[in-house]
Amino acid sequence: MADNNMPQMQKGELTGRQVNIYGSYLMFSSLAAMTQMMYMTIFLTDTVMIPAAVVASTLLIARFIDLIVGILSGGIIEKAKMKHGKYRSWLLLGRWLVIFGLVCCFFDTSAWPLGLKLGLALVGYLIVNITFSFLTNAYYALNPALAKGNMTDRFRLSSRGAQFMCVAMLLTSATTIPLVTFFCKVAGPGWGYLITALIFAIPLIPGIQMLNNITKECDPDGSAAAAGPTVTISDMIKSVVENKQMLVIFLSFTIYYIAIYIAQGLGTYYFTYLIGDFMKMSLSMTITMITGFFASLVVPKIGQKIGKKKSFVLSMLIYALIYVGMFLFAKSTWQMYTLMAVIGGGAIYMFTGFGPNYFIDCGEYYLYEKGKDMRNIAIALFSVPMKIGMMLGGAISVYGLAAIGYTPGIEVTDTFRTSFMILLGIIPAILLVISGLITLAGYKLTDEKAAFYAGENAKKMQEQMAKMDK
């Protein structure tokens with residue numbers, strides 16, 4: 001079977017309402033997560049006044065703990081017996097923990113001793129991100145539960161989620177910095193981020209309730225814990241090491257996220273110091289997200305046409321060129337930075353429209369070939385590269401700042417500017433090329449094969465259920 005031969009598309013069976021509500025969760029969760037993800041580092045260094053190297057070390061520890069829990073969360077979800085369904089229960093509980101964690105993250109501790117500052121920041125970060133580990137795994141597990149073996153519906157759910165996520169990024173890019181600036185003036189410089197974070201997080205509460213309402217049938221109250229042998233950490237490691245396709249995708253996504261979080265961690269510093277106008281970041285991100293929204297409507301269709309592998313490789317190579325362009329042309333020109341971000345941000349929708357389906361496909365392949373159902377573990381693994389990327393990429397960006405001499409209020413010299421742009425542009429570009437080449441050389445699972453494996457596994461499951469009913 002050739003890589004460029006796509007299987008005949010199945011007809012989608014889910015209603016537009018189901019697809020929209022499922023996808024809208026990623027808008028609400030992205031709104032809730034974005035302030036912490038984008039601005040916690042600069043809040044700690046420039047508002048709470050914690051040295052950059054100390055912030056980097058603290059967040060590195062927090063992200064390592066979060067990574068370990070994230071790896072375990074899929075198995076915990078599968079084995080825990082919860083009142084309101086195996087997956088929905090985590091969503092219904094987790095929304096409240098996210099709100100509490102954000103309060104801890106952005107509470108003004110500037111007058112506190114350093115140890116207490118770090119302690120509250122660590123607790124807040126862990127609550128928010130560990131909770132999102134469970135929310136994300138539960139959410140993505142509902143994709144195959146809702147769509148069953150229908151690959152068209154799986155793609156519809158994933159691509160619609162990517163579109164809604166783009167809406168969230170558009171809203172936050174246009175309003176976060178103006179809101180922070182406004183509330184800092186009204187409530188004091190230490191409270192602008194907290195109020196803004198809560199404004200964006202509160203819609204998560206009704207958003208999860210809507211998702212809960214449409215998934216009751218596929219994840220009913222009192223759903224039994226997973227049957228069969230307990231999935232151990234050893235099983236999870238084997239599911240990556242023994243499943244060569246999973247190993248390739250896992251490595252590729254991990255390197256991709258390291259590159260992205262290096263650049264993301266430096267964005268606020270770029271506009272604050274190299275451009276000298278923090279508000280320009282809001283304008284730049286708004287332009288990027290507006291164009292990204294339209295790209296999210298069109299570009300995933302290109303990805304669906306050329307297939308998962310080509311979509312990922314092409315996106316990585318385009319994005320690498322974009323970061324080289326930033327280094328060459330955007331050292332002091334935010335308009336060029338924005339233009340590059342527009343092109344790169346649009347290109348990645350070629351593969352992000354597939355969402356967790358890269359990992360789900362590997363899980364379907366492993367079940368078909370080995371007879372052991374690790375599909376939910378495969379879904380759990382989808383969030384692990386992002387957490388590794390956040391941990392390592394975030395650390396590289398902040399340690400990098402310390403290494404090139406950054407201090408709050410620094411006067412930017414030509415040497416600092418060039419060193420900063422190497423961190424922002426060249427290092428991510430190299431990593432993205434490596435990510436694309438790994439996938440190009442090692443990923444052999446075609447879309448046609450993935451559809452075949454999913455269909456055969458669904459048939460076997462239906463046969464087993466029919467036998468049990470007799």
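Small disclaimer: the values here were computed from a predicted structure and weren't measured.
Between the side chain of Arg160 and the backbone N or O of Tyr22 there is no donor-acceptor pair closer than 3.5 Å. Thr291 contributes a side-chain N or O that, together with a main-chain N or O of Thr288, makes up a donor-acceptor pair within less than 3.5 Å. Between the side chain of Thr136 and the backbone N or O of Ser133, no donor-acceptor pair lies under 3.5 Å. Within the 3.5 Å criterion, the main-chain N or O of Ala174 finds a donor-acceptor partner in the side chain of Ser282. Asn150 contributes no side-chain N or O that, together with a main-chain N or O of Ala147, makes up a donor-acceptor pair within less than 3.5 Å. The main-chain N or O of Cys362 is found under 3.5 Å from a side-chain atom of Asn243 such that the two form a donor-acceptor pair. Side chain of Ser24 to main chain of Ile21: a donor-acceptor pair is present (N/O by atom type, distance under 3.5 Å, no hydrogens or angles). Formation of a donor-acceptor pair under 3.5 Å by the Ser158 side chain with backbone atoms of Phe155 is not found in this model. In this structure, the side chain of Lys309 engages the main chain of Leu440 through a donor-acceptor pair within 3.5 Å. Panel note: side chain Arg156, backbone Leu14; a donor-acceptor pair is recorded below 3.5 Å.
Between Lys86 and Asp219, none of the side-chain N atoms (NZ, or NE/NH1/NH2) sits under 4.0 Å from a carboxylate O, so this pair counts as no salt bridge. Between Asp66 and Arg63 there is no salt bridge, since none of the side-chain N atoms of the basic residue sits less than 4.0 Å from a carboxylate O of the acidic one.
With a 4.5 Å cut-off on side-chain heavy atoms, Phe354 and Asp361 do not count as touching. Within the 4.5 Å cutoff, side-chain heavy atoms of Met38 are placed close to those of Gln264. Looking at Tyr261 and Met386, their side chains come closer than 4.5 Å, going by heavy atoms from C-beta outward. Using a 4.5 Å cut-off on side-chain heavy atoms (C-beta onward), Lys449 and Lys444 make no contact. Residues Met316 and Val433 form no side-chain contact, since every pair of their non-hydrogen atoms from C-beta on lies 4.5 Å or further apart. In this structure the side chain of Leu266 reaches within 4.5 angstrom of the side chain of Leu401, judged on heavy atoms. Residues Gln209 and Leu92 form a side-chain contact, since some pair of their non-hydrogen atoms from C-beta on lies under 4.5 Å apart. You'll find the side chain of Phe28 reaches within 4.5 Å of the side chain of Met210, heavy atoms only.
Ring-plane geometry between Tyr256 and Phe351 is classed as perpendicular, the angle between the planes exceeding 60 degrees on a 0 to 90 degree scale with a lower cut at 30. In this pair, Phe359 and Phe382 present their aromatic rings perpendicular. The plane angle is above 60°, beyond the 30 to 60° band.
Residues Phe294 and Ile290 approach most closely at CD1-O, 3.2 Å, considering heavy atoms. Contact detail for Met246 and Gly363: the closest heavy-atom pair is CE-N, 4.4 Å. Taking every heavy atom of both residues into account, Arg154 and Ala454 meet most closely at NH1-CB, 4.4 Å. Looking at every heavy atom in both residues, Leu424 comes nearest to Ala263 through CD1-O, 3.7 Å. Between Cys218 and Leu146, the closest heavy-atom pair is SG-CD1, 3.9 Å. Heavy-atom minimum distance, Leu170 versus Met289: CA-CB, 3.2 Å.
Within 6.0 Å of CZ on Phe293 lie no more than 12 heavy atoms contributed by other residues, nucleotides or ligands. Heavy atoms from other residues, nucleotides or ligands lying under 6.0 Å from CZ of Phe64 number 12 at most.
The OH atom of Tyr443 sits 12.5 Å away from atom CG of Leu247, with the distance rounded to the nearest 0.5 Å. The CG atom of Asn20 lies 9.0 Å from the CD atom of Gln163; values are rounded to the nearest 0.5 Å. Distance check: Leu142 CG to Asn137 CG gives 11.0 Å after rounding to the nearest 0.5 Å. Summarising the geometry, atom CZ belonging to Phe253 is positioned 13.5 Å from atom CD1 belonging to Ile258; distances are rounded to the nearest 0.5 Å. In this structure, CG in Leu204 is found 8.0 Å from CZ in Arg95, a value given to the nearest 0.5 Å.
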Passes side-chain contact (heavy atoms from CB on, under 4.5 Å), Phe134 versus Leu91? Steps please. CA-CA 8 Å; Phe134 284 89; Leu91 291 158; over 6 Å; no
Show, in sequence, the C-alpha distance, side-chain angles and deciding distance for Ser383 and Tyr140, and conclude whether the side chain to side chain donor-acceptor pair (under 3.5 Å) test is met. CA-CA 10 Å; Ser383 64; Tyr140 284 124; over 6 Å; no
Take Phe200 and Thr176 through the side-chain contact (heavy atoms from CB on, under 4.5 Å) test and state the conclusion after the steps. CA-CA 9 Å; Phe200 287 134; Thr176 299; 3.3 Å; yes
side-chain contact (heavy atoms from CB on, under 4.5 Å) evaluation trace for Leu126 with Val69: CA-CA 10 Å; Leu126 289 175; Val69 177; over 6 Å; no
Evaluation steps, side-chain contact (heavy atoms from CB on, under 4.5 Å), between Thr268 and Tyr39: CA-CA 8 Å; Thr268 51; Tyr39 302 104; 3.7 Å; yes
Identify all side-chain donor-acceptor contacts of residues 337-350 below 3.5 Å with residues at least two apart in sequence or on another chain.
unit_1	atom_1	unit_2	atom_2	d
Thr338	OG1	Ser284	OG	2.7
Thr338	OG1	Trp334	O	2.8

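In this structure, Tyr368 has its ring center closer than 6.0 angstrom to the ring center of Phe452. Centroid-to-centroid, the aromatic rings of Phe420 and Tyr406 stay 6.0 Å apart or farther. With ring centers used as reference points, Phe327 lies 6.0 Å or more from Tyr323. Taking the six-membered ring where the residue is Trp, the centroids of Tyr139 and Tyr87 are separated by 6.0 Å or more.
Side chains of Arg88 and Asn212: a donor-acceptor N/O pair is present below 3.5 angstrom, by distance only. Defined by atom type and a distance below 3.5 Å, a donor-acceptor pair is missing between the side-chain atoms of Thr58 and Tyr125. With no hydrogens or angles considered, a side-chain donor-acceptor pair links Thr439 and Ser252 at under 3.5 Å.
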